[in-house]
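Quick caveat: nothing in here was measured; it's all calculated off a predicted structure. In this chain, residues are counted from 1 in sequence order.
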Amino acid sequence: MSTTSTLNKTSLLDDARWDSNIFTGQWQAGGGEPIAITEPATGDSLGTAGGASVEDVHRSATAAAAAQKQWAAMKPSERAAVLRRAGTLFEEHAKEIETWIVCETGGVPTKAALETHVAAAECFEAAALSTAPAGEVLTTDQPRWSFSRRRPAGVVSVISPFNFPLILSIRSVAPALALGNTVLLKPDPRTTVSGGVTIARIFEEAGLPAGMLHLLPGGGEVGKALTEAPEVRIISFTGSTAAGRLVGETAGKLLKRAHLELGGNNALVVLPGADLDKAASAGAFGSFLHQGQVCMTTGRHLVHESLKDEYIAKLSQKAKNLPVGNPAEDGIAIGPIIDAKQRDRIHSIVEDSTAKGGTVEAGGEFTDLFYSPTVISGITTENPAWTEEIFGPVAPVISFSTIEEAVAIINSSEYGLSVGVLGDVGLAMQIADQVDSGKVHINEQTVGDEANAPFGGVGDSGTGSRVGGPTANIESFTETQWLTVRSEIAPYPF
């Protein structure tokens, strides 16, 4: 395996077994094109991952369906032990995994550390699902016992994106496994190691029986096969709204459940009287974390008219002072955009917004894949910088005069993932009670996630909270069965 010198040599990923191979319980050559892994900050090669073919997907789906019965029949404590070991391994190998995340995703070290921390937490939380109550005792008018019980759904396909590849894979993989399912995992090809190889290697070392987890990297045709495979009962998809619609349409036709966590154009509201220094700091973090490549990124800054000019000045100053460069170097806050296609899309929206009346207060420029943190003022709610999910480090700002106006502007978006409200808690609560959003954070910015909290959005942001915490996870990755028991065969009139 060829890697840059920044990658440390340790035992988990510095291992030839995954080089150019997929994982089906063992590492083997896939039928698809090998996937070249490139460091976006430098253009250097990080190695080659295996690519799966459609035929590989069908073979894995069949094998996973057969293996699932064995896994579901294991003692819950044994499944829990595998998940706990996986969580411990994420902690033990955190530094190595974080180095890969920095190099492969372009994220800064603190972002990488967040991913490994959450990955371990997801495994520990999932371990508890194995021994969680599996149903209810129901009342009945009949002389019998009546139960509602949860059973594993079967085979689960997990399709994850590039931006937070480890978190957005493991948050479905871990609970699905813990609840007795087998998993087919397709990470984004651009982050195959961080979002796929890492997880396969962790569970391999944790003692997960062969055949319970399959790593099948590839493009759209592989994702389509993972959705259509007859053995697959649930698809957990995280990605763009456009792609999610296709997954949901296909799943609906095939009578499968699709859990869709999609895009966002999230509003941060700055209320009258808010501390502007703290508000600008929160706004900068919300918009510029990981170059704005987060579904929960603050894409709309909605500031009370009495504070707008001062807020724009402070946010712009933050943007101008954030160091941009290779995240593997010390002191860097903003790394590269994932690839040129995404960078060009960001820049086209910025240029379109200025052509339609917006003013770039900071940024608006790029060198190679490094896009400067950008603040745009002077726009309306029809401006593309306001209406579109940019998925880049761009912070458009407009003002509002009343709480009613702020709520109307927030709810005018087709997306409904996350809202942050900064300032007076009483006013913030009024907004929280009226906005259509999967998450509302008072006196925090829009980006936030915890392994034990339900995660999801409404509208074009997806199909609601489908992962996070026992209630959402059990609902998402199990089926409900009604079971009755009589002391002897019931009498019938026939």
Side-chain angles (χ1 to χ4, degrees), residues 171 241 244 259-287 289 294-308 311 315 379-382 386-389 395-476:
R171 71 177 184 181
T241 298
H259 306 323
L260 307 175
E261 200 283 282
L262 309 177
N265 191 9
N266 312 289
L268 181 69
V269 183
V270 182
L271 295 171
D275 183 318
L276 278 184
D277 288 328
K278 290 181 177 179
S281 177
F285 185 91
S287 283
L289 173 68
V294 189
C295 60
M296 296 174 284
T297 287
T298 301
R300 298 181 292 161
H301 294 245
L302 188 54
V303 184
H304 189 261
E305 57 190 5
S306 64
L307 305 176
K308 184 189 72 170
Y311 179 82
L315 183 64
I379 61 173
T380 68
T381 56
E382 286 75 41
W386 189 261
T387 59
E388 294 196 38
E389 181 188 28
V397 185
I398 68 171
S399 64
F400 70 94
S401 58
T402 66
I403 296 300
E404 292 73 21
E405 182 186 8
V407 169
I409 292 172
I410 294 168
N411 288 341
S412 67
S413 174
E414 296 173 342
Y415 296 100
L417 184 57
S418 185
V419 171
V421 188
L422 307 178
D424 179 79
V425 174
L427 292 177
M429 290 173 66
Q430 293 180 41
I431 292 174
D433 285 344
Q434 299 178 67
V435 295
D436 302 321
S437 179
K439 290 171 285 297
V440 179
H441 301 293
I442 294 176
N443 283 322
E444 296 184 64
Q445 44 74 47
T446 55
V447 181
D449 189 17
E450 292 185 23
N452 65 331
F455 187 101
V458 298
D460 281 6
S461 291
T463 53
S465 295
R466 303 302 184 199
V467 293
T471 301
N473 283 329
I474 292 172
E475 173 66 28
S476 293

**Q** Just verifying a value: how many Å separate N473 CG and N452 CG, rounded to the nearest 0.5 Å?
**A** 10.5 Å
**Q** Quick one: CD1 on I431 to CD1 on I403, what's the gap to the nearest 0.5 Å?
**A** 4.0 Å
**Q** Donor-acceptor pair, distance only, cut-off 3.5 Å: does the side chain of N266 make one with the backbone of C295?
**A** yes
**Q** Is there a side-chain contact between N411 and V435 (heavy atoms, below 4.5 Å)?
**A** yes
**Q** Would a distance-only check, ignoring hydrogens and angles, find a side-chain to backbone donor-acceptor pair under 3.5 Å from T241 to L262?
**A** no
**Q** Check whether T446 reaches the backbone of G420 with its side chain - one donor and one acceptor, N or O, closer than 3.5 Å.
**A** no
**Q** Kindly say whether V419 contributes a backbone atom to a donor-acceptor pair with the side chain of K439 at under 3.5 angstrom?
**A** no
**Q** What distance separates M296 CE from S418 OG, expressed to the nearest 0.5 Å?
**A** 7.0 Å
**Q** Let's go through M429 and V425 carefully: what are the C-alpha distance in whole Å and the side-chain angles of both, what is the deciding distance for side chain to side chain contact (heavy atoms under 4.5 Å, CB included) to 0.1 Å, and is it a yes or a no?
**A** CA-CA 6 Å; M429 290 173 66; V425 174; 4.0 Å; yes
**Q** Looking only at heavy atoms, which two atoms of Q434 and V407 are closest? And how far apart?
**A** CB-CG1, 3.7 Å
**Q** Evaluate the side-chain proximity of R300 to S412: yes if any heavy-atom separation is below 4.5 Å, no if none is.
**A** yes
**Q** Test: salt bridge (charged side-chain N to carboxylate O under 4.0 Å, His left out). Region: residues 460-472. Which pairs qualify, not counting sequence neighbours?
**A** R245-D460
**Q** Using atom types as modelled, flag every donor-acceptor pair under 3.5 Å from a side chain in residues 267-278 to any protein atom, sequence neighbours excluded.
**A**
from: D275; atom 1: OD1; to: D277; atom 2: N; distance (Å): 3.1
from: D275; atom 1: OD1; to: K278; atom 2: N; distance (Å): 3.1
from: D277; atom 1: OD1; to: K314; atom 2: NZ; distance (Å): 2.7

**Q** Using modelled atom types only, decide if a donor and an acceptor are shared between the side chain of S287 and the backbone of T298 within a distance under 3.5 Å.
**A** yes
**Q** Is the side chain of S461 donor-acceptor paired with the backbone N or O of G416 at a distance under 3.5 Å, no angle test?
**A** yes
**Q** Checking S437 side chain against L417 main chain: does a donor-acceptor pair fall under 3.5 Å?
**A** yes
**Q** Is it the case that over 12 heavy atoms from other parts of the model lie below 6.0 angstrom from the CD atom of E305?
**A** yes
**Q** Quick one: are I398 and I409 in side-chain contact, heavy atoms under 4.5 Å?
**A** yes
**Q** Hey, could you give me the CG/CH2 distance between L302 and W386, rounded to the nearest 0.5 Å?
**A** 5.0 Å
**Q** Are any non-hydrogen side-chain atoms of I410 and F400 less than 4.5 angstrom apart?
**A** no
**Q** For the residue pair H301 and G283, what are the closest heavy atoms and their distance?
**A** CE1-O, 3.5 Å
**Q** Hey, is the main chain of F455 close enough, under 3.5 Å, to the side chain of R171 for a donor-acceptor pair?
**A** no
**Q** Can you tell if the side chain of E261 reaches within under 4.5 Å of the side chain of V467, non-hydrogen atoms only?
**A** no
**Q** Write down the atom of N443, the atom of G423, and the distance for their closest heavy-atom approach.
**A** OD1-N, 2.7 Å
**Q** Measuring from atom OG1 of T297 to atom CZ of F285, what distance do you get when rounded to the nearest 0.5 angstrom?
**A** 10.0 Å
**Q** Just wondering, are more than 12 heavy atoms of other shown residues or ligands nearer than 6.0 Å to CD in E414?
**A** no
**Q** First locate atom OG of S465, then atom CD of E475, and finally report the distance between them rounded to the nearest 0.5 Å.
**A** 11.5 Å
